[in-house]
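No hydrogens, no waters, no symmetry mates; every other heavy atom, side chains included, goes into these values.
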Amino acid sequence: MSAEEFLGSIQIRTTEQPIREQGKICFYEGYLFVSESDKGIHIIDNQNPASPRNIGFIEVTGNRDIAIKNNILYADAYTSLVWFDILDPGKPVVKGSIENVFERAYPEPDNSLEYDYTLCKEGEERGLVVVGWSMAKRQREEVIYKGGGDMVSSPGPSGSSGVNGSMSRFGIYQDYLYTIINDYINIFSLSGEKPTYITRNLLDVWEVETIFPYKEYLFMGTPAGMLIYSVKNPLNPQFVSSISHVYGCDPVVVEDDLAYVTIRSGNACGQDNDELFVIDVSDVENPKQLVSYTMTNPKGLGIENGTLFVCDDGLKIFKVEDPQTIMANLLKHYTGMDGYDVIPYNNVLMMIADDGIYQYDYSDPDNIK
C-alpha cells in the first residue's frame with residue numbers, strides 16, 4: 001500500500017490489549033514498551049513497579065524493534081521506519097515514516113527466513129510499503145536468504161534515551177539511531193525535527209544479530225562471535241576487533257569493561273551449545289575471553305552495578321565479584337516461566353517471558369523480592 005495508506009492504518013488503542021507473545025522491550029521514564037512481533041507495541045505504565053498498568057497499544061504491523069529518545073519512539077514496520085510522539089505515553093501520536101530503509105523483513109510464520117525487498121524500490125513503487133506477500137518458486141533468481149537476528153541499546157550521552165533489552169537490533173548513541181540486519185547497519189540522525197536517513201554501511205560479517213552501545217563503541221553479537229565497532233565518527237562506524245566463540249545465537253551486554261555473552265541451542269542457528277561467556281574488553285583492540293559457563297538454554301541478559309541477570313531456565317541472578325566465581329555467587333533462581341529478555345534499571349528488574357511481564361526488586365541482593 002502507499003505510505004499514506006500505511007500511516008493511516010496505524011491504530012492507537014487507549015485500552016488494555018493482552019500481551020500474547022514475548023518480544024523486544026524498551027524502558028523510558030517510568031513506562032515499559034513491549035513489541036509484540038508483527039502486531040504492534042504495548043504500553044505499560046510502570047511508574048509503580050509493584051502495580052504496573054497496561055494502558056494502551058500501538059497497532060503497527062511488521063514491527064519487531066523499538067528505540068526511544070527525547071519523547072520520540074522509533075519502530076520498524078516491515079521495510080519502513082515509523083516514529084511516534086510519546087510526550088503523553090498513554091496517547092501516542094503518529095508523526096511520520098521513512099519508506100524502504102529496511103530492505104529485508106522477517107515474515108511469519110517462519111522467522112528463520114528473510115526476504116529481500118529491493119525489487120519493491122524500482123520506479124514508481126518507491127512510495128509503496130510492503131505489507132504482505134505470497135511465496136513462489138522461481139527458476140532464475142533466489143530471493144530467500146538464511147537469516148535471523150536480534151539486537152541492544154543503552155542510554156546515550158545526549159538527551160534522554162530509552163533502555164532496551166539485550167535482544168534488540170536498535171541502538172542509540174548520542175544523536176544517532178543504529179539498526180542492524182545481517183550484514184549491514186543503517187544510520188539515522190535524530191538531531192532534527194524528524195529523523196533523517198543518513199546511510200547504510202556494510203559490516204564485515206553476515207548474520208549480525210544484536211547491538212549494545214558502550215562508551216564510544218558498538219558491541220555486536222553474531223552466531224560466530226562478538227564484533228566491536230568504533231563510533232568516534234558516528235557517521236562512519238569502523239571495525240575495531242572481534243572475538244570468536246562456538247557457533248550459536250547470542251546477545252551481549254557490557255559493564256565495567258566486561259562483556260557478557262550468551263549462546264543458546266534449539267533455534268535458527270542450528271547448534272547445540274548453551275553457554276555464558278565473560279570477555280575482558282578493557283583493550284577493545286584485543287578482547288580476551290576470561291571464562292565460560294555451561295547454561296541450560298540462555299536467552300536475554302542484563303547487568304547493573306555488578307548484578308547479572310540471565311534468562312536461563314526461568315531467571316538466574318548472580319553477583320559478579322570475580323568473573324571466575326560467577327556460578328558460585330548465584331543469588332536467586334526463579335523457575336516456572338520461559339524468560340526471554342530483561343532490563344535492569346535502578347534496582348528494578350523487568351523481564352518479558354512467555355506468559356507476561358515479571359518484575360523484581362534487587363535493591364537488597366540478599367533479599368530479592
Side-chain angles (χ1 to χ4, degrees), residues 24-27 67 149-157 161-174 176-180 185 203 205 208-232 234 237-245 248-263 275-293 295 298-312 316-324 326 341-346 349-350:
K24 312 298 179 63
I25 51 178
C26 181
F27 179 74
D150 308 291
M151 200 186 94
V152 177
S153 75
S154 60
S161 296
V163 183
N164 279 17
S166 66
M167 294 297 222
S168 177
R169 295 178 302 160
F170 279 22
I172 290 177
Y173 173 75
Q174 294 185 351
Y176 298 92
L177 170 66
Y178 299 90
T179 72
I180 56 170
I185 181 168
L203 298 172
V205 300
V208 179
E209 299 169 318
T210 67
I211 186 171
F212 190 89
Y214 177 73
K215 295 183 177 178
E216 297 177 327
Y217 301 94
L218 302 178
F219 290 78
M220 303 181 192
T222 81
M226 182 184 73
L227 306 178
I228 303 176
Y229 273 71
S230 169
V231 283
K232 292 180 180 179
Q238 293 294 309
F239 174 79
V240 176
S241 64
S242 65
I243 186 169
S244 299
H245 55 56
C249 296
D250 67 321
V252 53
V253 296
V254 188
E255 183 179 72
D256 295 335
D257 291 336
L258 291 176
Y260 302 84
V261 179
T262 61
I263 63 170
E275 296 183 67
L276 167 69
F277 296 90
V278 184
I279 301 168
D280 182 348
V281 294
S282 56
D283 180 0
V284 292
E285 295 183 358
N286 186 31
K288 296 180 180 179
Q289 180 178 314
L290 300 178
V291 65
S292 66
Y293 297 100
M295 307 295 280
K299 296 175 183 171
L301 73 168
I303 187 164
E304 185 184 45
N305 297 328
T307 303
L308 176 66
F309 306 86
V310 183
C311 293
D312 184 48
K316 295 176 180 176
I317 306 175
F318 303 92
K319 191 64 181 177
V320 180
E321 296 175 344
D322 180 345
Q324 302 292 339
I326 288 178
D341 204 3
V342 294
I343 295 176
Y345 186 81
N346 282 353
L349 188 280
M350 296 160 274

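The aromatic rings of Phe219 and Tyr214 sit perpendicular, their planes meeting at an angle over 60°, well past the 30° parallel limit. Ring geometry for Tyr176 versus Tyr178: interplanar angle of 30 to 60°, hence tilted.
Rounded to the nearest 0.5 Å, atoms CG (Leu349) and CD1 (Ile343) are 9.5 Å apart. Taken from NZ in Lys319 to CG in Leu308, the straight-line distance is 10.5 Å, to the nearest 0.5 Å. Separation of atoms CG (Leu301) and CE (Met167) is listed at 8.5 Å; rounding is to 0.5 Å. The line from CD1 of Ile25 to CG of Asp341 is 4.5 Å long, rounded to the nearest 0.5 Å. To the nearest 0.5 Å, atoms CD1 (Ile303) and OH (Tyr260) are separated by 3.5 Å.
With sequence neighbours left out, the salt bridge (charged side-chain N to carboxylate O under 4.0 Å, His left out) criterion links Asp322 to no other residue. The salt bridge (charged side-chain N to carboxylate O under 4.0 Å, His left out) search around Lys232 returns none, not counting sequence neighbours. Residues passing the side-chain hydrogen bond (donor to acceptor under 3.5 Å, both in side chains) test with Tyr229 are Asp204, sequence neighbours excluded.
When all heavy atoms of Tyr217 and Ser230 are compared, the closest pair comes out as CD2-CA, 3.7 Å. When all heavy atoms of Pro298 and Glu275 are compared, the closest pair comes out as CG-O, 3.8 Å. The shortest heavy-atom contact between Pro287 and Ser242 is CG-O, 4.0 Å.
Taking the side chain as every heavy atom from C-beta outward, Leu218 and Ile180 never approach each other to under 4.5 Å. Residues Asp312 and Leu276 fail the side-chain proximity criterion, which asks for heavy atoms closer than 4.5 Å. Contact check for Pro213 versus Ile172: no side-chain heavy atoms found under the 4.5 Å cut-off. Within the 4.5 Å cutoff, the side chain of Ile263 has no heavy atoms near those of the Met295 side chain. Contact check for Ile279 versus Val281: side-chain heavy atoms found under the 4.5 Å cut-off. In this structure, the side chains of Lys24 and Asn164 stay at 4.5 Å or more apart for every pair of heavy atoms.
Distance alone, capped at 3.5 Å, places no donor-acceptor pair between the Ser166 side chain and the Gly302 backbone. Panel note: side chain Glu255, backbone Thr307; no donor-acceptor pair is recorded below 3.5 Å. Side chain of Ser244 to backbone of Gly225: no donor-acceptor contact under 3.5 angstrom is found. For the pair Ser292 (side chain) and Phe277 (backbone), a donor-acceptor distance under 3.5 Å is absent.
When each of Thr210, Val252, Ile228, Ile185 is paired with Met220, the side-chain contact (heavy atoms from CB on, under 4.5 Å) condition holds for Ile185 and for no other.
Contact check on Asp257 versus Lys215 returns a salt bridge, with a Lys/Arg side-chain nitrogen under 4.0 Å from an Asp/Glu carboxylate oxygen.
Heavy-atom neighbours of Glu285 CD from other residues, nucleotides or ligands within 6.0 Å: at or below the threshold of 12.
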